[in-house]
Amino acid sequence: MAGKVLHAQLHLLDRQLIDQASGELLGKVDDVELDLAADPPVVSALIAGRERIPAVQVMEVDTAVKIVRGDLDLTRGDDWVERHIIDKIPGAGHAPE
Amino acid sequence: MKKVFAVTLGILTAIGGFVDIGDLVTNALVGARFGMRLSWVVIVGVIGICLYADMSGRVVAVSGRPVFDLIRERLGRRTGLVTLVASFLVTLLTLIAEIGGVALAFELASGVNYLLWAPLAALAVWLVIWRVKFSKLETVFGLMGLLLIIFAVALWKLGPDWGQLVHQAANPHPIGHETWATYAYYAIALFGAAMTPYEVFFFSSGGVEEKWTKRDLSTERSNVFIGFPLGGLLSLAIAGCAAVLYLPAGIHVETLSQVTLPVAVAFGKLGLAVVLIGVFAATFGAALETSLSCGYTIAQYFGWQWGKFVRPRQASRFHLVMIICLLLAILTLMTMVDPVLVTEYSVVFAAMALPLTYLPILIIANDPDYMRDQVNGRVRNFLGLIYLGLLLVASIAAIPLMIITKAGR
(Lines give C-alpha, C1' and ligand atoms only; values in the text may rest on other atoms or scores of the structure.)
Protein backbone atom coordinates (compact mmCIF):
# COMPACT_ATOMS: atom_id res chain seq x y z
CA MET A 1 0.00 0.00 0.00
CA ALA A 2 2.93 2.29 -0.60
CA GLY A 3 1.90 5.89 -1.10
CA LYS A 4 -1.83 5.48 -0.61
CA VAL A 5 -3.35 8.51 1.10
CA LEU A 6 -5.63 7.46 3.92
CA HIS A 7 -7.56 9.42 6.47
CA ALA A 8 -6.57 7.65 9.69
CA GLN A 9 -9.84 8.44 11.46
CA LEU A 10 -12.07 7.60 8.50
CA HIS A 11 -10.24 4.70 6.88
CA LEU A 12 -8.45 2.95 9.73
CA LEU A 13 -9.78 3.57 13.21
CA ASP A 14 -12.45 1.12 14.40
CA ARG A 15 -12.28 -0.90 11.17
CA GLN A 16 -12.72 -4.64 11.13
CA LEU A 17 -9.48 -6.66 10.93
CA ILE A 18 -9.63 -9.71 8.69
CA ASP A 19 -7.07 -12.48 8.17
CA GLN A 20 -6.18 -12.19 4.49
CA ALA A 21 -5.56 -15.93 4.15
CA SER A 22 -8.52 -17.44 6.03
CA GLY A 23 -11.07 -14.62 6.12
CA GLU A 24 -11.26 -14.98 9.90
CA LEU A 25 -12.41 -11.88 11.82
CA LEU A 26 -9.58 -10.76 14.10
CA GLY A 27 -10.81 -7.71 16.00
CA LYS A 28 -10.90 -3.96 15.44
CA VAL A 29 -8.29 -1.31 14.81
CA ASP A 30 -8.20 0.39 18.20
CA ASP A 31 -5.40 2.81 17.48
CA VAL A 32 -2.93 3.86 14.83
CA GLU A 33 0.82 4.32 15.36
CA LEU A 34 2.44 7.03 13.26
CA ASP A 35 6.06 7.41 12.27
CA LEU A 36 6.45 11.17 12.64
CA ALA A 37 10.12 11.12 11.63
CA ALA A 38 9.16 10.33 8.04
CA ASP A 39 8.10 13.12 5.72
CA PRO A 40 5.16 13.04 5.27
CA PRO A 41 4.40 11.04 8.44
CA VAL A 42 3.33 7.47 7.65
CA VAL A 43 1.38 4.81 9.51
CA SER A 44 3.93 2.47 11.05
CA ALA A 45 1.57 0.09 12.83
CA LEU A 46 -2.04 -0.62 13.78
CA ILE A 47 -2.97 -1.41 17.37
CA ALA A 48 -5.62 -4.02 18.17
CA GLY A 49 -6.10 -4.72 21.86
CA ARG A 50 -2.63 -5.44 23.22
CA GLU A 51 -1.19 -6.44 19.83
CA ARG A 52 0.80 -4.21 17.49
CA ILE A 53 0.40 -4.97 13.80
CA PRO A 54 3.39 -3.61 11.82
CA ALA A 55 2.44 -1.79 8.62
CA VAL A 56 4.18 -4.42 6.46
CA GLN A 57 1.59 -6.95 7.58
CA VAL A 58 -1.29 -4.74 6.43
CA MET A 59 -2.20 -5.95 2.96
CA GLU A 60 -5.39 -4.16 1.99
CA VAL A 61 -7.46 -1.28 3.33
CA ASP A 62 -10.99 -1.41 2.01
CA THR A 63 -14.32 -1.60 3.89
CA ALA A 64 -12.26 -3.80 6.21
CA VAL A 65 -8.52 -4.08 6.85
CA LYS A 66 -6.93 -7.30 5.61
CA ILE A 67 -3.71 -8.39 7.31
CA VAL A 68 -1.21 -11.21 7.33
CA ARG A 69 -1.57 -12.70 10.76
CA GLY A 70 1.98 -14.03 11.15
CA ASP A 71 2.59 -14.89 14.76
CA LEU A 72 0.31 -12.18 16.20
CA ASP A 73 -1.99 -13.49 18.91
CA LEU A 74 -5.23 -11.72 18.05
CA THR A 75 -7.73 -14.40 19.03
CA ARG A 76 -6.65 -15.02 22.62
CA GLY A 77 -10.13 -14.39 24.05
CA ASP A 78 -11.88 -16.51 21.45
CA ASP A 79 -9.43 -19.38 21.95
CA TRP A 80 -9.91 -19.28 25.71
CA VAL A 81 -13.71 -19.44 25.45
CA GLU A 82 -13.37 -22.17 22.82
CA ARG A 83 -11.14 -24.36 25.01
CA HIS A 84 -12.94 -23.87 28.30
CA ILE A 85 -16.60 -23.65 27.29
CA ILE A 86 -17.70 -24.11 23.69
CA ASP A 87 -15.59 -27.20 22.93
CA LYS A 88 -17.17 -28.98 25.89
CA ILE A 89 -20.58 -28.82 24.24
CA PRO A 90 -21.26 -31.69 21.79
CA GLY A 91 -21.41 -30.54 18.17
CA ALA A 92 -19.08 -27.55 18.58
CA GLY A 93 -17.06 -28.66 15.57
CA HIS A 94 -19.84 -29.61 13.19
CA ALA A 95 -19.74 -28.05 9.75
CA PRO A 96 -21.97 -25.00 9.34
CA GLU A 97 -23.71 -25.67 6.00
CA MET B 1 -37.62 -20.42 -12.22
CA LYS B 2 -35.31 -21.09 -9.31
CA LYS B 3 -34.95 -17.35 -8.86
CA VAL B 4 -38.71 -16.79 -8.88
CA PHE B 5 -38.97 -19.45 -6.20
CA ALA B 6 -36.27 -17.80 -4.09
CA VAL B 7 -38.04 -14.44 -4.33
CA THR B 8 -41.47 -15.85 -3.46
CA LEU B 9 -39.99 -17.75 -0.56
CA GLY B 10 -38.28 -14.62 0.67
CA ILE B 11 -41.48 -12.60 0.46
CA LEU B 12 -43.49 -15.25 2.27
CA THR B 13 -40.79 -15.48 4.92
CA ALA B 14 -40.79 -11.70 5.33
CA ILE B 15 -44.57 -11.62 5.86
CA GLY B 16 -44.43 -14.33 8.50
CA GLY B 17 -41.25 -12.93 9.99
CA PHE B 18 -42.47 -9.35 10.34
CA VAL B 19 -44.99 -10.14 13.06
CA ASP B 20 -43.52 -11.00 16.47
CA ILE B 21 -44.78 -10.89 20.05
CA GLY B 22 -44.42 -7.10 20.09
CA ASP B 23 -46.66 -6.68 17.04
CA LEU B 24 -49.17 -9.29 18.25
CA VAL B 25 -49.64 -7.79 21.70
CA THR B 26 -49.35 -4.10 20.80
CA ASN B 27 -51.72 -4.29 17.82
CA ALA B 28 -54.36 -6.24 19.75
CA LEU B 29 -54.02 -3.94 22.73
CA VAL B 30 -54.32 -0.82 20.60
CA GLY B 31 -57.20 -2.29 18.57
CA ALA B 32 -59.15 -2.97 21.76
CA ARG B 33 -58.63 0.55 23.14
CA PHE B 34 -58.58 2.77 20.07
CA GLY B 35 -60.10 0.66 17.29
CA MET B 36 -58.39 1.46 14.00
CA ARG B 37 -57.64 5.04 15.07
CA LEU B 38 -53.89 4.32 15.23
CA SER B 39 -53.69 2.44 11.92
CA TRP B 40 -51.70 5.26 10.37
CA VAL B 41 -48.81 4.49 12.75
CA VAL B 42 -48.55 0.94 11.41
CA ILE B 43 -48.38 2.34 7.88
CA VAL B 44 -45.77 4.96 8.85
CA GLY B 45 -43.80 2.24 10.67
CA VAL B 46 -43.89 -0.17 7.75
CA ILE B 47 -42.66 2.49 5.31
CA GLY B 48 -39.87 3.32 7.78
CA ILE B 49 -38.70 -0.25 8.21
CA CYS B 50 -38.85 -0.81 4.42
CA LEU B 51 -36.74 2.30 3.85
CA TYR B 52 -34.07 1.42 6.39
CA ALA B 53 -34.05 -2.36 5.93
CA ASP B 54 -33.51 -1.74 2.22
CA MET B 55 -30.70 0.71 2.98
CA SER B 56 -28.95 -1.76 5.29
CA GLY B 57 -29.52 -4.55 2.74
CA ARG B 58 -27.81 -2.46 0.06
CA VAL B 59 -24.92 -1.61 2.39
CA VAL B 60 -24.38 -5.32 3.01
CA ALA B 61 -24.72 -6.38 -0.61
CA VAL B 62 -22.22 -3.76 -1.81
CA SER B 63 -19.71 -3.51 1.05
CA GLY B 64 -20.08 -6.92 2.72
CA ARG B 65 -20.15 -5.23 6.12
CA PRO B 66 -23.12 -5.67 8.46
CA VAL B 67 -24.76 -2.73 10.21
CA PHE B 68 -23.26 -2.90 13.68
CA ASP B 69 -19.76 -3.17 12.27
CA LEU B 70 -20.37 0.21 10.70
CA ILE B 71 -22.08 1.76 13.71
CA ARG B 72 -18.83 1.65 15.66
CA GLU B 73 -16.84 2.73 12.67
CA ARG B 74 -18.92 5.83 12.05
CA LEU B 75 -19.83 6.81 15.60
CA GLY B 76 -16.42 5.99 17.09
CA ARG B 77 -15.66 3.76 20.03
CA ARG B 78 -17.47 5.70 22.76
CA THR B 79 -20.73 6.67 21.07
CA GLY B 80 -20.63 3.24 19.47
CA LEU B 81 -20.50 1.72 22.92
CA VAL B 82 -23.53 3.75 24.04
CA THR B 83 -25.40 2.51 20.97
CA LEU B 84 -24.25 -1.03 21.68
CA VAL B 85 -25.49 -0.96 25.27
CA ALA B 86 -28.84 0.59 24.30
CA SER B 87 -29.59 -1.68 21.36
CA PHE B 88 -28.27 -4.77 23.10
CA LEU B 89 -30.46 -4.21 26.16
CA VAL B 90 -33.52 -3.58 23.99
CA THR B 91 -32.81 -6.71 21.94
CA LEU B 92 -32.31 -8.75 25.12
CA LEU B 93 -35.61 -7.44 26.49
CA THR B 94 -37.28 -8.38 23.20
CA LEU B 95 -35.70 -11.85 23.41
CA ILE B 96 -37.16 -12.29 26.91
CA ALA B 97 -40.56 -11.23 25.58
CA GLU B 98 -40.36 -13.66 22.62
CA ILE B 99 -39.35 -16.62 24.82
CA GLY B 100 -42.24 -15.66 27.11
CA GLY B 101 -44.49 -15.62 24.02
CA VAL B 102 -43.41 -19.12 22.98
CA ALA B 103 -44.04 -20.35 26.54
CA LEU B 104 -47.47 -18.65 26.66
CA ALA B 105 -48.45 -20.24 23.33
CA PHE B 106 -47.59 -23.62 24.82
CA GLU B 107 -49.53 -22.81 27.99
CA LEU B 108 -52.60 -21.97 25.90
CA ALA B 109 -52.25 -25.20 23.93
CA SER B 110 -51.52 -27.49 26.87
CA GLY B 111 -52.94 -25.89 30.00
CA VAL B 112 -49.55 -26.34 31.66
CA ASN B 113 -48.17 -23.13 33.23
CA TYR B 114 -45.81 -21.06 31.05
CA LEU B 115 -43.14 -21.04 33.75
CA LEU B 116 -42.51 -24.69 32.98
CA TRP B 117 -42.34 -24.04 29.24
CA ALA B 118 -39.99 -21.04 29.39
CA PRO B 119 -36.74 -22.98 30.07
CA LEU B 120 -37.71 -25.60 27.49
CA ALA B 121 -38.43 -22.89 24.92
CA ALA B 122 -35.05 -21.25 25.58
CA LEU B 123 -33.30 -24.61 25.31
CA ALA B 124 -35.06 -25.33 22.01
CA VAL B 125 -34.05 -21.91 20.66
CA TRP B 126 -30.43 -22.59 21.59
CA LEU B 127 -30.49 -26.08 20.02
CA VAL B 128 -31.83 -24.69 16.75
CA ILE B 129 -29.17 -21.95 16.70
CA TRP B 130 -26.47 -24.49 17.56
CA ARG B 131 -27.43 -27.06 14.92
CA VAL B 132 -29.74 -25.82 12.18
CA LYS B 133 -28.60 -24.13 8.95
CA PHE B 134 -29.20 -20.39 8.75
CA SER B 135 -31.26 -20.47 5.55
CA LYS B 136 -33.45 -23.27 6.88
CA LEU B 137 -34.21 -21.62 10.19
CA GLU B 138 -35.34 -18.45 8.51
CA THR B 139 -37.57 -20.20 5.98
CA VAL B 140 -39.27 -22.75 8.25
CA PHE B 141 -40.40 -20.30 10.92
CA GLY B 142 -41.24 -17.57 8.43
CA LEU B 143 -43.51 -19.90 6.47
CA MET B 144 -45.17 -21.30 9.60
CA GLY B 145 -45.70 -17.74 10.78
CA LEU B 146 -47.85 -17.24 7.67
CA LEU B 147 -50.56 -19.14 9.54
CA LEU B 148 -51.19 -15.82 11.28
CA ILE B 149 -53.03 -14.82 8.11
CA ILE B 150 -55.93 -16.49 9.88
CA PHE B 151 -56.34 -13.17 11.73
CA ALA B 152 -57.28 -11.58 8.41
CA VAL B 153 -59.69 -14.40 7.57
CA ALA B 154 -61.14 -14.25 11.07
CA LEU B 155 -61.74 -10.52 10.76
CA TRP B 156 -63.69 -11.13 7.57
CA LYS B 157 -65.61 -14.02 9.16
CA LEU B 158 -66.51 -11.90 12.18
CA GLY B 159 -68.42 -9.75 9.69
CA PRO B 160 -67.51 -6.32 11.03
CA ASP B 161 -69.04 -3.05 9.92
CA TRP B 162 -66.24 -2.26 7.45
CA GLY B 163 -67.47 1.28 7.03
CA GLN B 164 -66.98 1.87 10.72
CA LEU B 165 -63.44 0.42 10.71
CA VAL B 166 -62.54 2.73 7.82
CA HIS B 167 -64.21 5.61 9.64
CA GLN B 168 -62.05 4.90 12.72
CA ALA B 169 -58.88 4.74 10.61
CA ALA B 170 -59.80 8.06 9.00
CA ASN B 171 -60.30 9.74 12.39
CA PRO B 172 -56.94 9.54 14.10
CA HIS B 173 -57.70 10.82 17.57
CA PRO B 174 -58.48 9.37 21.02
CA ILE B 175 -62.07 8.56 21.99
CA GLY B 176 -64.06 8.17 25.20
CA HIS B 177 -61.99 8.51 28.33
CA GLU B 178 -58.68 8.01 26.45
CA THR B 179 -56.41 11.06 26.50
CA TRP B 180 -54.04 12.44 23.87
CA ALA B 181 -51.20 11.29 26.13
CA THR B 182 -52.20 7.60 26.07
CA TYR B 183 -52.93 7.93 22.36
CA ALA B 184 -49.41 9.27 21.74
CA TYR B 185 -47.88 6.67 24.07
CA TYR B 186 -49.42 3.82 22.12
CA ALA B 187 -48.50 5.48 18.83
CA ILE B 188 -44.87 5.30 19.97
CA ALA B 189 -45.32 1.68 21.09
CA LEU B 190 -46.70 0.70 17.67
CA PHE B 191 -43.92 2.58 15.93
CA GLY B 192 -41.34 0.81 18.11
CA ALA B 193 -42.94 -2.57 17.42
CA ALA B 194 -42.83 -2.00 13.66
CA MET B 195 -39.27 -0.64 13.56
CA THR B 196 -37.64 -2.76 16.33
CA PRO B 197 -33.84 -2.36 16.00
CA TYR B 198 -33.12 -6.09 15.91
CA GLU B 199 -34.86 -6.28 12.53
CA VAL B 200 -32.04 -4.38 10.80
CA PHE B 201 -29.28 -6.08 12.79
CA PHE B 202 -30.70 -9.44 11.82
CA PHE B 203 -31.50 -8.46 8.26
CA SER B 204 -28.03 -7.08 7.52
CA SER B 205 -26.11 -9.82 9.35
CA GLY B 206 -28.33 -12.36 7.59
CA GLY B 207 -27.19 -10.81 4.30
CA VAL B 208 -23.59 -11.59 5.27
CA GLU B 209 -24.57 -15.10 6.42
CA GLU B 210 -26.14 -15.74 3.04
CA LYS B 211 -23.20 -14.12 1.23
CA TRP B 212 -25.20 -11.45 -0.59
CA THR B 213 -23.61 -9.59 -3.47
CA LYS B 214 -24.92 -6.84 -5.73
CA ARG B 215 -26.70 -9.52 -7.75
CA ASP B 216 -28.94 -10.27 -4.78
CA LEU B 217 -30.23 -6.70 -4.64
CA SER B 218 -33.43 -7.46 -6.58
CA THR B 219 -34.26 -10.36 -4.23
CA GLU B 220 -33.55 -8.13 -1.25
CA ARG B 221 -35.80 -5.39 -2.64
CA SER B 222 -38.78 -7.60 -3.39
CA ASN B 223 -38.54 -9.23 0.05
CA VAL B 224 -38.52 -5.86 1.76
CA PHE B 225 -41.02 -3.95 -0.35
CA ILE B 226 -43.59 -6.74 -0.69
CA GLY B 227 -42.98 -8.83 2.43
CA PHE B 228 -42.96 -6.10 5.08
CA PRO B 229 -46.08 -4.24 3.83
CA LEU B 230 -48.02 -7.52 3.72
CA GLY B 231 -46.74 -8.20 7.25
CA GLY B 232 -48.08 -4.74 8.13
CA LEU B 233 -51.51 -5.71 6.76
CA LEU B 234 -51.37 -8.70 9.08
CA SER B 235 -50.73 -6.31 11.98
CA LEU B 236 -53.78 -4.27 10.95
CA ALA B 237 -55.90 -7.44 10.83
CA ILE B 238 -54.86 -8.27 14.40
CA ALA B 239 -55.86 -4.76 15.49
CA GLY B 240 -59.10 -5.08 13.51
CA CYS B 241 -60.07 -8.32 15.25
CA ALA B 242 -59.54 -6.72 18.65
CA ALA B 243 -61.42 -3.60 17.54
CA VAL B 244 -64.45 -5.68 16.54
CA LEU B 245 -64.53 -7.94 19.58
CA TYR B 246 -63.29 -5.80 22.47
CA LEU B 247 -63.74 -2.11 21.69
CA PRO B 248 -67.57 -2.04 21.90
CA ALA B 249 -67.45 -4.02 25.17
CA GLY B 250 -64.70 -1.80 26.62
CA ILE B 251 -62.46 -4.80 27.35
CA HIS B 252 -58.70 -4.22 27.62
CA VAL B 253 -56.28 -6.78 26.19
CA GLU B 254 -53.91 -7.95 28.89
CA THR B 255 -53.13 -11.56 28.00
CA LEU B 256 -52.04 -13.53 24.96
CA SER B 257 -55.23 -15.60 25.11
CA GLN B 258 -57.19 -12.39 24.50
CA VAL B 259 -55.03 -11.72 21.45
CA THR B 260 -55.96 -15.09 19.94
CA LEU B 261 -59.57 -15.24 21.13
CA PRO B 262 -61.11 -13.49 18.08
CA VAL B 263 -59.84 -16.34 15.88
CA ALA B 264 -61.39 -18.90 18.24
CA VAL B 265 -64.66 -16.96 18.14
CA ALA B 266 -64.62 -17.01 14.34
CA PHE B 267 -63.44 -20.58 13.72
CA GLY B 268 -63.72 -22.49 17.00
CA LYS B 269 -61.14 -24.97 18.20
CA LEU B 270 -59.57 -25.57 14.81
CA GLY B 271 -59.03 -21.83 14.39
CA LEU B 272 -57.49 -21.66 17.83
CA ALA B 273 -55.11 -24.50 16.95
CA VAL B 274 -54.02 -22.75 13.74
CA VAL B 275 -53.50 -19.39 15.40
CA LEU B 276 -51.53 -20.95 18.26
CA ILE B 277 -49.18 -22.67 15.80
CA GLY B 278 -48.84 -19.31 14.04
CA VAL B 279 -48.09 -17.50 17.30
CA PHE B 280 -45.60 -20.20 18.24
CA ALA B 281 -43.81 -19.95 14.87
CA ALA B 282 -43.76 -16.14 14.89
CA THR B 283 -42.44 -15.86 18.45
CA PHE B 284 -40.03 -18.77 18.11
CA GLY B 285 -38.69 -17.35 14.85
CA ALA B 286 -38.31 -13.95 16.49
CA ALA B 287 -36.62 -15.56 19.50
CA LEU B 288 -34.04 -17.02 17.11
CA GLU B 289 -33.60 -13.65 15.41
CA THR B 290 -33.24 -11.74 18.67
CA SER B 291 -30.76 -14.21 20.22
CA LEU B 292 -28.69 -14.12 17.06
CA SER B 293 -28.94 -10.30 17.06
CA CYS B 294 -27.64 -10.20 20.67
CA GLY B 295 -24.60 -12.14 19.46
CA TYR B 296 -24.26 -10.14 16.24
CA THR B 297 -24.25 -6.70 17.91
CA ILE B 298 -21.67 -7.54 20.57
CA ALA B 299 -19.38 -9.57 18.29
CA GLN B 300 -19.53 -6.94 15.54
CA TYR B 301 -18.76 -4.10 17.94
CA PHE B 302 -15.64 -5.87 19.24
CA GLY B 303 -14.66 -7.36 15.89
CA TRP B 304 -14.96 -10.97 17.08
CA GLN B 305 -15.62 -13.81 14.69
CA TRP B 306 -19.38 -14.28 14.42
CA GLY B 307 -21.92 -16.03 12.28
CA LYS B 308 -23.45 -19.36 11.53
CA PHE B 309 -21.36 -19.61 8.36
CA VAL B 310 -18.46 -20.92 10.50
CA ARG B 311 -18.34 -23.81 12.97
CA PRO B 312 -19.52 -22.87 16.49
CA ARG B 313 -15.99 -23.37 17.90
CA GLN B 314 -14.63 -20.86 15.40
CA ALA B 315 -17.02 -18.20 16.72
CA SER B 316 -16.87 -19.22 20.36
CA ARG B 317 -17.47 -15.83 21.97
CA PHE B 318 -20.42 -15.19 19.65
CA HIS B 319 -22.03 -18.45 20.77
CA LEU B 320 -21.18 -17.76 24.41
CA VAL B 321 -22.99 -14.41 24.27
CA MET B 322 -26.12 -16.13 22.96
CA ILE B 323 -25.99 -18.83 25.63
CA ILE B 324 -25.68 -16.19 28.37
CA CYS B 325 -28.57 -14.17 26.89
CA LEU B 326 -30.83 -17.22 26.81
CA LEU B 327 -29.92 -18.03 30.42
CA LEU B 328 -30.74 -14.43 31.38
CA ALA B 329 -34.07 -14.78 29.59
CA ILE B 330 -34.93 -17.91 31.59
CA LEU B 331 -33.90 -16.26 34.88
CA THR B 332 -35.95 -13.14 34.15
CA LEU B 333 -39.07 -15.11 33.24
CA MET B 334 -38.65 -17.25 36.37
CA THR B 335 -39.19 -14.13 38.50
CA MET B 336 -42.81 -14.49 37.32
CA VAL B 337 -42.75 -11.11 35.61
CA ASP B 338 -45.69 -10.96 33.17
CA PRO B 339 -44.30 -11.63 29.64
CA VAL B 340 -47.04 -9.46 28.12
CA LEU B 341 -45.89 -6.56 30.30
CA VAL B 342 -42.26 -7.22 29.26
CA THR B 343 -43.44 -7.04 25.66
CA GLU B 344 -45.21 -3.73 26.20
CA TYR B 345 -42.07 -2.22 27.73
CA SER B 346 -39.77 -3.72 25.10
CA VAL B 347 -41.50 -1.93 22.21
CA VAL B 348 -41.39 1.44 24.00
CA PHE B 349 -37.70 1.02 24.89
CA ALA B 350 -37.12 -0.02 21.29
CA ALA B 351 -38.56 3.32 20.20
CA MET B 352 -36.04 5.06 22.45
CA ALA B 353 -33.05 3.29 20.91
CA LEU B 354 -34.15 3.87 17.31
CA PRO B 355 -32.26 7.07 16.30
CA LEU B 356 -28.90 5.65 17.39
CA THR B 357 -29.53 2.54 15.29
CA TYR B 358 -30.73 4.22 12.14
CA LEU B 359 -28.49 7.33 11.96
CA PRO B 360 -25.30 5.39 11.09
CA ILE B 361 -27.15 3.43 8.40
CA LEU B 362 -28.18 6.69 6.75
CA ILE B 363 -24.61 8.03 6.96
CA ILE B 364 -23.05 4.89 5.48
CA ALA B 365 -25.66 4.66 2.73
CA ASN B 366 -24.32 8.05 1.56
CA ASP B 367 -20.64 7.08 1.67
CA PRO B 368 -19.27 6.30 -1.81
CA ASP B 369 -16.30 4.50 -0.20
CA TYR B 370 -18.71 1.78 0.83
CA MET B 371 -21.55 2.12 -1.62
CA ARG B 372 -19.76 3.00 -4.87
CA ASP B 373 -22.56 3.62 -7.41
CA GLN B 374 -25.23 2.49 -4.95
CA VAL B 375 -25.24 5.59 -2.72
CA ASN B 376 -28.62 6.94 -1.65
CA GLY B 377 -30.46 9.08 -4.15
CA ARG B 378 -32.26 12.32 -3.22
CA VAL B 379 -35.64 10.69 -2.58
CA ARG B 380 -34.16 8.09 -0.23
CA ASN B 381 -32.20 10.73 1.67
CA PHE B 382 -35.21 13.02 1.93
CA LEU B 383 -37.36 10.21 3.34
CA GLY B 384 -34.46 8.98 5.47
CA LEU B 385 -34.10 12.40 7.10
CA ILE B 386 -37.83 12.74 7.70
CA TYR B 387 -37.83 9.37 9.42
CA LEU B 388 -34.78 10.26 11.46
CA GLY B 389 -36.75 13.27 12.69
CA LEU B 390 -39.74 11.07 13.54
CA LEU B 391 -37.50 8.57 15.34
CA LEU B 392 -35.93 11.38 17.32
CA VAL B 393 -39.31 12.78 18.37
CA ALA B 394 -40.54 9.30 19.34
CA SER B 395 -37.43 8.52 21.35
CA ILE B 396 -37.48 11.84 23.22
CA ALA B 397 -41.21 11.67 23.94
CA ALA B 398 -41.19 8.02 25.03
CA ILE B 399 -40.03 8.42 28.64
CA PRO B 400 -42.10 11.52 29.55
CA LEU B 401 -45.20 9.88 28.06
CA MET B 402 -44.46 6.67 29.90
CA ILE B 403 -44.38 8.63 33.17
CA ILE B 404 -47.43 10.82 32.45
CA THR B 405 -49.61 7.89 31.36
CA LYS B 406 -48.16 5.46 33.93
CA ALA B 407 -47.13 3.23 30.98
CA GLY B 408 -50.49 3.57 29.26
CA ARG B 409 -52.70 2.59 32.21
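What you are looking at is a predicted structure, and each value in this text was computed from that prediction instead of being measured. The sequence lines fix the lettering, A, B, ..., with proteins before strands; numbering per chain opens at 1.
- Take Val375(B) and apply the side chain to side chain contact (heavy atoms under 4.5 Å, CB included) test, not counting sequence neighbours, and it matches Pro368(B), Met371(B).
- For residues 25-33 of chain A, heavy-atom neighbours of chain B at less than 4.5 Å comprise Leu25(A), Leu26(A), Gly27(A), Lys28(A), Val29(A), Asp30(A), sorted by residue number.
- With a threshold of 4.5 angstrom between heavy atoms, Leu17(A) does not approach chain B through any atom at all.
- Residue Arg72(B) touches chain A through both its backbone and its side chain, counting heavy-atom pairs closer than 4.5 Å.
- When the candidates His319(B), Arg74(B), Gln300(B), Arg131(B) are compared by the number of heavy-atom contacts under 4.5 Å with chain A, Arg131(B) comes out ahead.
- Looking at Ala299(B), neither its backbone nor its side chain comes within 4.5 Å of chain A, counting heavy atoms on both sides.
- A donor-acceptor distance shorter than 3.5 angstrom exists from the side chain of Gln16(A) to the backbone of Gly303(B), with no hydrogens or angles considered.
- Trp130(B) places a side-chain N or O within 3.5 Å of a backbone atom of Pro90(A) that can act as its donor or acceptor partner.
- Note: Asp78(A) CG to Trp306(B) CH2 = 14.0 Å, rounded to the nearest 0.5 Å.
- A 4.5 Å side-chain heavy-atom check between Glu24(A) and Val310(B) finds every atom pair outside the cut-off.
- With rounding to the nearest 0.5 Å, the separation of CD1 in Ile18(A) from CD in Gln305(B) is 9.0 Å.
- The distance from atom CH2 of Trp304(B) to atom OG1 of Thr75(A), rounded to the nearest 0.5 Å, is 13.0 Å.
- Contact detail for Gly91(A) and Pro312(B): the closest heavy-atom pair is O-CG, 4.0 Å.
- The side-chain heavy atoms of Thr63(A) and Leu70(B), taken from C-beta on, include no pair separated by under 4.5 Å.
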Can you check side chain to side chain contact (heavy atoms under 4.5 Å, CB included) on His11(A) and Asp369(B), steps first, answer last? CA-CA 9 Å; His11(A) 293 109; Asp369(B) 266 5; 2.8 Å; yes

